[in-house]
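The chains referred to below are lettered A, B, ... by the order of the sequence lines, with proteins before strands, and numbering in each begins at 1. Remember, it's a predicted structure, so these values are computed and weren't measured experimentally.
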Protein chains: 2
Amino acid sequence: MVRSRGRIDKRQAILDGAFTVFARQGYAQACVQEIADEAGVAKPTVYNHLSDKATLFRHAMQAAAQTALHQRLAALEPLADPGPDLRATLEQVGHHLLRLHTDDRSCALRRLLYSEITQFPDLLDIVTESGPHRLTQAMADRLARLTLAGRLRAPDPDQAAEQFMALLTGPLEARSRMGTRQIGDAELHEIARAAVGTFLTAFGPADGRTAD
Amino acid sequence: MVRSRGRIDKRQAILDGAFTVFARQGYAQACVQEIADEAGVAKPTVYNHLSDKATLFRHAMQAAAQTALHQRLAALEPLADPGPDLRATLEQVGHHLLRLHTDDRSCALRRLLYSEITQFPDLLDIVTESGPHRLTQAMADRLARLTLAGRLRAPDPDQAAEQFMALLTGPLEARSRMGTRQIGDAELHEIARAAVGTFLTAFGPADGRTAD
DNA sequence: CCGTTATTGAACTCATGGGTTCAAAATACT
DNA sequence: AGTATTTTGAACCCATGAGTTCAATAACGG
C-alpha cells in the first residue's frame with residue numbers, strides 16, 4: 001500500500017477529514033484519532049501540522065466557510081445580466097441558493113457555528129463576516145443595479161436584500177427540521193417561487209402584480 | 001408517598017440550573033458538578049432526580065421550550081382583536097416576537113438545539129414540533145381570520161405566516177451575530193416596521209399601499 | 001546511494017468528568 | 001416524639017481522550 005506521502009496533500013486531507021468528523025460528531029465528541037483515521041494519517045501527523053485540536057477546528061471551519069461563500073457568490077451571477085424574464089432569473093438564483101443552503105456541508109457548518117460560538121467567539125469574525133454578510137451585500141448590489149435599471153423598486157437595497165434572503169431561507173429552517181431532513185428539489189422550487197412572488201409583489205416595478 | 005421531596009422541590013431548581021449551565025457551556029462542556037452547584041444542590045441529588053446527564057439535558061430543554069412557546073403564543077394575542085390600525089397591531093406583535101426571539105434563554109435554546117441535534121435527534125419532536133411549528137400555525141390562524149374579515153389578502157395563510165415569521169426573524173440572525181450581540185429596542189422596532197411594511201405591501205388589502 | 005525530513009504505530013502521561021458508594025445529617029410525615 | 005426518606009459531602013472507580021515520546025520507516029533531495 002503506497003499512500004501518497006506528499007506533505008502538502010496531507011494538510012488538506014487533514015482539514016477535510018477534520019471538518020467531516022466535526023460535522024458528524026460535534027467539536028467535543030470528535031476525537032483526534034478519528035480525524036486522523038478519516039484523513040488516512042497517523043495521529044502525530046495531525047499534531048505535526050496543526051498545533052492542537054482548537055486550531056485544527058478553526059482552520060477546518062475557515063476552509064469550509066470559504067468554499068461555502070464562493071459557491072453562494074457564484075450563484076448570484078445570473079443577476080448581473082438577467083434576461084427579459086426577471087422573475088424567472090430570481091427564481092433560478094433563489095433555487096440555487098436554497099440548494100447550497102441545504103447542502104450537507106453547509107448545514108454542518110451552520111450547526112457547528114451555532115454550537116461552538118460560545119467556546120470560539122472568534123469564529124464569528126472568521127466565518128460570519130466572510131459569510132452571510134458579504135453575500136447579502138453582494139445581493140444588495142445586484143438589487144441596486146436592477147432598481148437603477150427600472151426593473152425593481154427597491155429604494156433601500158440593503159433592506160430588500162436582507163428580506164429576500166429571509167424569505168428564501170426562513171421557511172427552510174422549519175421545513176428541513178433544522179437541517180436533519182433533506183428537502184426535495186420540487187419543494188425547493190416551490191419555496192423559491194413563493195419567496196420571489198412575495199418579493200416581487202413588494203419590490204417589483206410599479207405594474208408589479210402582473211401574471212405569473 | 002407524597003411527592004414533595006426533601007425541603008423544597010429541588011427538581012425545578014435542578015432543571016433551571018441545568019439549562020443555565022448548558023446554555024453557558026454547551027452540553028459536552030457542562031459538568032454535572034457545576035449544574036449541581038448552580039442549583040444549590042449536591043451532585044448525588046441530581047442523579048437522584050434525573051437518571052443521567054442525557055435525560056437531565058432532555059428535561060431541561062423541554063422545560064425551556066415549553067415556556068418559550070407559551071410566551072410566543074401569548075404575544076400573538078393582540079391579533080385576535082386588532083384595533084382599527086392593523087399595521088400598528090402587526091408591528092406591536094412583531095416587535096414583541098422579536099424581543100422574545102432575542103431573549104437570552106431563547107437564543108441559548110436555539111443554539112443548544114442546533115448543536116446537539118445530531119446527538120439527540122429526539123429533541124426535534126420534543127422541542128421543534130412544540131415550538132416554531134405551532135407558533136406559525138397559530139399565526140396562520142390569525143391571518144386566515146383577518147383575510148376572512150377583509151383586512152388582509154392572504155389566500156394561503158400558512159405561506160403568509162411562514163413568510164411573515166421569516167421577514168421578522170431572518171434579518172435578526174445576521175444582525176445579532178447569531179445571538180451573541182444584544183440588539184437594542186430601537187433596532188428591533190425598525191426591523192419589525194420593515195417586516196410589516198413588506199408584509200402588508202404583499203398581503204395587505206387591495207388598496208394596500210396607501211394605508212398608514 | 002546517503003543524509004534529512006516527514007510519517008507512523010504503539011505505548012504512555014495526565015486531566016477531566018460521568019456515575020456510584022456510603023455513612024452522617026437534615027428534613028418530612030405520622 | 002420516632003421513623004422513613006432525602007440530601008449531602010467526600011471519596012472513589014473507571015472510561016475517554018488530548019497531547020507526547022520514541023524508535024522504526026518511508027519518502028525525498030542531492
Side-chain angles (χ1 to χ4, degrees), chain A residues 1-62 112 115-116 118-120 122-123, chain B residues 1-62 112 115-116 118-120 122-123:
Chain A
M1 278 305 221
V2 179
R3 291 205 279 249
S4 76
R5 290 235 157 108
R7 176 145 200 268
I8 316 293
D9 304 335
K10 305 247 166 174
R11 190 190 169 90
Q12 197 54 45
I14 291 172
L15 288 179
D16 281 356
F19 185 79
T20 302
V21 175
F22 283 135
R24 190 168 52 219
Q25 313 270 38
Y27 176 74
Q29 309 293 333
C31 70
V32 177
Q33 181 60 60
E34 195 178 349
I35 292 174
D37 293 349
E38 180 78 28
V41 142
K43 189 163 68 148
T45 304
V46 174
Y47 285 103
N48 185 20
H49 286 268
L50 288 313
S51 55
D52 57 11
K53 193 183 178 185
T55 56
L56 174 57
F57 182 61
R58 268 185 260 263
H59 282 91
M61 290 291 280
Q62 183 167 19
L112 285 170
S115 57
E116 306 306 331
T118 45
Q119 312 292 326
F120 298 89
D122 53 307
L123 274 186
Chain B
M1 316 327 181
V2 184
R3 286 312 264 177
S4 77
R5 308 183 158 132
R7 308 161 183 159
I8 334 163
D9 199 8
K10 309 235 163 178
R11 190 189 169 90
Q12 196 55 43
I14 291 174
L15 288 179
D16 281 356
F19 185 79
T20 302
V21 175
F22 283 136
R24 190 168 50 219
Q25 313 269 38
Y27 175 74
Q29 308 292 332
C31 70
V32 177
Q33 181 59 61
E34 194 178 350
I35 292 174
D37 293 348
E38 180 79 28
V41 143
K43 190 163 69 148
T45 305
V46 175
Y47 286 103
N48 185 20
H49 286 268
L50 288 312
S51 54
D52 56 11
K53 193 183 179 185
T55 57
L56 174 56
F57 182 62
R58 269 184 261 263
H59 282 91
M61 290 291 279
Q62 183 168 18
L112 285 170
S115 57
E116 306 305 331
T118 46
Q119 312 291 326
F120 298 89
D122 54 304
L123 274 185

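Nearest-nucleotide positions on DNA chain D for A:Pro44 and A:Val32 put A:Val32 closer to the 5' end.
Between the CD atom of B:Gln33 and the P atom of C:dG17 there is a distance of 11 Å, given to the nearest Å. As rounded to whole Å, 17 Å separates atom C1' of D:dT20 from atom NZ of A:Lys53. Spacing between atom OH of B:Tyr47 and atom P of C:dT21 amounts to 13 Å, rounded to whole angstrom units. Whole-Å rounding puts the B:Asn48 CG to C:dC22 C1' distance at 14 Å. Remark: P of C:dG19 and CG of B:Leu50 are 11 Å apart, rounded to the nearest angstrom. One can place CD of A:Gln29 at 14 Å from C1' of D:dA18, the figure rounded to the nearest angstrom. When rounded to the nearest whole Å, the span between CD of B:Gln25 and P of C:dG17 equals 9 Å. B:Asp9 has its CG atom 14 Å from the C1' atom of C:dA28, to the nearest Å.
In this structure a side-chain-to-backbone donor-acceptor pair under 3.5 Å is present from A:Asp52 to A:Thr55. For the pair A:Lys53 (side chain) and A:Tyr27 (backbone), a donor-acceptor distance under 3.5 Å is present.
Residue B:His49 places at least one side-chain N or O under 4.0 Å from the OP1 or OP2 atom of D:dT7. Residue A:Lys10 places none of its side-chain N or O atoms closer than 4.0 Å to OP1 or OP2 of D:dA27.
A donor and an acceptor atom never sit less than 3.5 Å apart when one is taken from the side chain of B:Lys43 and the other from the base of D:dG9.
Between B:Phe22 and B:Phe57, the ring-plane angle classifies as perpendicular under the 30° and 60° cut-offs.
Counting non-hydrogen atoms under 4.0 angstrom, A:Ala36 reaches nothing in the nucleic acid.
In this structure, a donor-acceptor pair under 3.5 Å is absent between the side chains of B:Asn48 and B:Thr45.
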